[in-house]
Amino acid sequence: MKRLTYPFEQSQIIPEIKIDDSQMILSPDGKHLCEISRSNSGINLKLLSLEDGKEIEIAKFSYPIYVQDISWSDNSRYLGYLKIDPSGREKNNLRLYDMESGTSKVYELKDFARKDTPISMNVSDDGRGVLFTMFPEHIDQSRKRSILLGEITDNEVEKRFTREFGGKQNAWISNDQFVFLGYDATLYEYDRRNGALSVILERISTFRLSPDKKSIAYSLDAENIINVGKLQGRNVLYNEPVYHGIVPTNMYWSLDNKKLFIQGQTDSTEGQSFILEFE
């Protein structure tokens with residue numbers, strides 16, 4: 001594994017981290033990796049420090065149990081995942097590992113139908129909310145995905161809000177507010193304190209919030225332009241195009257909110273990657 005640091009001219013090998021057949025998920029602050037390894041006996045979850053290479057085993061499961069939808073909260077405090085038993089002998093549940101306390105908690109998925117299929121999840125910074133991308137219990141021709149807000153109580157995850165959506169992107173703005181991209185290419189914001197659903201932007205194909213949640217990079221449907229604006233309340237102000245000629249497939253902000261890494265397709269090349277810097 002290699003690390004590329006600013007000004008991104010020369011990479012450095014991280015000798016403590018060995019890459020094998022395991023799956024690894026980087027924390028948003030870039031300090032830890034969650035490693036998921038599989039063997040004949042079962043599944044192991046480990047935390048690897050990129051600073052000193054130390055390993056911590058946080059969970060171990062025997063087959064037929066498996067884990068899915070592993071993700072970090074935006075502040076890198078919580079690592080969440082679903083424990084699934086396809087045999088039905090054990091209840092499926094959500095597990096959160098707290099990086100500060102070094103402990104895990106288990107939460108029952110209350111009122112979730114067994115045929116409900118979560119395909120991704122996104123934990124809030126306070127560890128009290130989780131956004132699930134779901135396939136519905138009842139299969140129909142549309143097979144439309146939905147976004148489901150779960151509120152974490154003492155030992156359960158309770159359903160609070162659900163709506164069909166594009167199934168592509170969602171993001172927390174605060175511990176009580178999140179945005180998601182609808183089937184109609186509208187970017188919605190939901191506030192769980194009062195149940196208000198608001199329109200933020202329209203004709204959106206993809207977006208990415210900065211770590212401080214003050215800026216948003218986005219592109220519009222049928223346009224090869226990347227725009228950046230400032231989030232203020234339920235409005236996006238000071239919108240301006242920052243790059244022309246690319247359809248972004250991935251966008252990532254730097255931790256200081258001043259750089260935007262972009263991967264995408266152009267008319268002249270198969271793929272392109274570059275970094276935009278903002279003052």
Side-chain donor-acceptor pairs of residues 63-74 under 3.5 Å, sequence neighbours excluded:
residue	atom	partner	partner atom	Å
Y63	OH	S39	O	3.0
Q68	NE2	P118	O	2.8
S71	OG	M121	O	3.0
W72	NE1	I25	O	3.2
S73	OG	N75	OD1	2.6
S73	OG	R77	N	3.3
S73	OG	Y78	N	3.0
D74	OD2	K213	NZ	2.6

Nearest heavy-atom pair of [X] and [Y]: which atoms, and what distance?
X    : Y    : answer
V130 : W172 : N-CZ2, 3.8 Å
S104 : Y97  : OG-CD1, 3.1 Å
D126 : S124 : OD1-OG, 2.7 Å
C34  : L79  : SG-CD2, 3.6 Å

Do [X] and [Y] sit in the same hydrophobic cluster, where Ile, Leu, Val, Met, Phe, Trp and Tyr count as joined when their side-chain heavy atoms come under 4.5 Å apart?
X    : Y    : answer
L50  : L48  : yes
L82  : L45  : yes
W253 : L181 : no

Contacts of [X] that satisfy ring pair (Phe, Tyr, Trp, His ring centres under 6.0 Å) - sequence neighbours left out:
X    : result
F274 : Y243
Y81  : none
Y252 : none
F207 : none

Between R163 and Y188, is NZ or CZ placed under 6.0 angstrom from the six-membered ring centre and within 45° of the ring axis?
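Yes - R163 lies over the ring of Y188, closer than 6.0 Å to its centre and within 45° of its axis.
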Is the shortest side-chain N to carboxylate O distance from E151 to R160 below 4.0 Å?
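Salt bridge between E151 and R160, a charged N being under 4.0 Å from a carboxylate O: yes.
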With sequence neighbours left out, write down each residue that passes side-chain hydrogen bond (donor to acceptor under 3.5 Å, both in side chains) with [X], or none if nothing qualifies.
X    : answer
Q263 : N250
T162 : none
D191 : R193

Using residues 221-230 as the side-chain source, report each donor-acceptor pair under 3.5 Å to any protein atom, sequence neighbours left out, with the distance given to one decimal.
residue	atom	partner	partner atom	Å
E223	OE2	R203	NH2	3.4
K230	NZ	S215	OG	3.1

Between Y190 and F161, does the ring centroid distance fall short of 6.0 Å?
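Ring centres of F161 and Y190 closer than 6.0 Å.
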Going by salt bridge (Lys or Arg N to Asp or Glu O under 4.0 Å), name the pairs with one or both residues in residues 237-255, residues two or more places apart or in two chains.
none
Applying salt bridge (Lys or Arg N to Asp or Glu O under 4.0 Å) as the test, list every pair that has at least one member in residues 169-185; sequence neighbours left out.
D176-R192
Sub-3.5 Å donor-acceptor pair from the side chain of D98 to the main-chain atoms of E100, do we have one?
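Judged by distance alone, yes, a pair lies under 3.5 Å.
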Can you tell me if N170 uses its side chain to pair, donor with acceptor, with the backbone of F180 under 3.5 Å?
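Judged by distance alone, no pair lies under 3.5 Å.
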Side chains of [X] and [Y], heavy atoms from C-beta outward: is any pair under 4.5 Å?
X    : Y    : result
I36  : I43  : yes
L109 : Y107 : no
K83  : F61  : yes
F132 : V157 : yes

Run the side-chain contact (heavy atoms from CB on, under 4.5 Å) test against E108 and tell me which residues pass, sequence neighbours left out.
K91, E156
Looking just at side-chain N and O atoms, do S219 and S205 make a donor-acceptor pair shorter than 3.5 Å?
yes
Are side-chain N/O atoms of E35 and Q23 paired as donor and acceptor at under 3.5 Å?
no
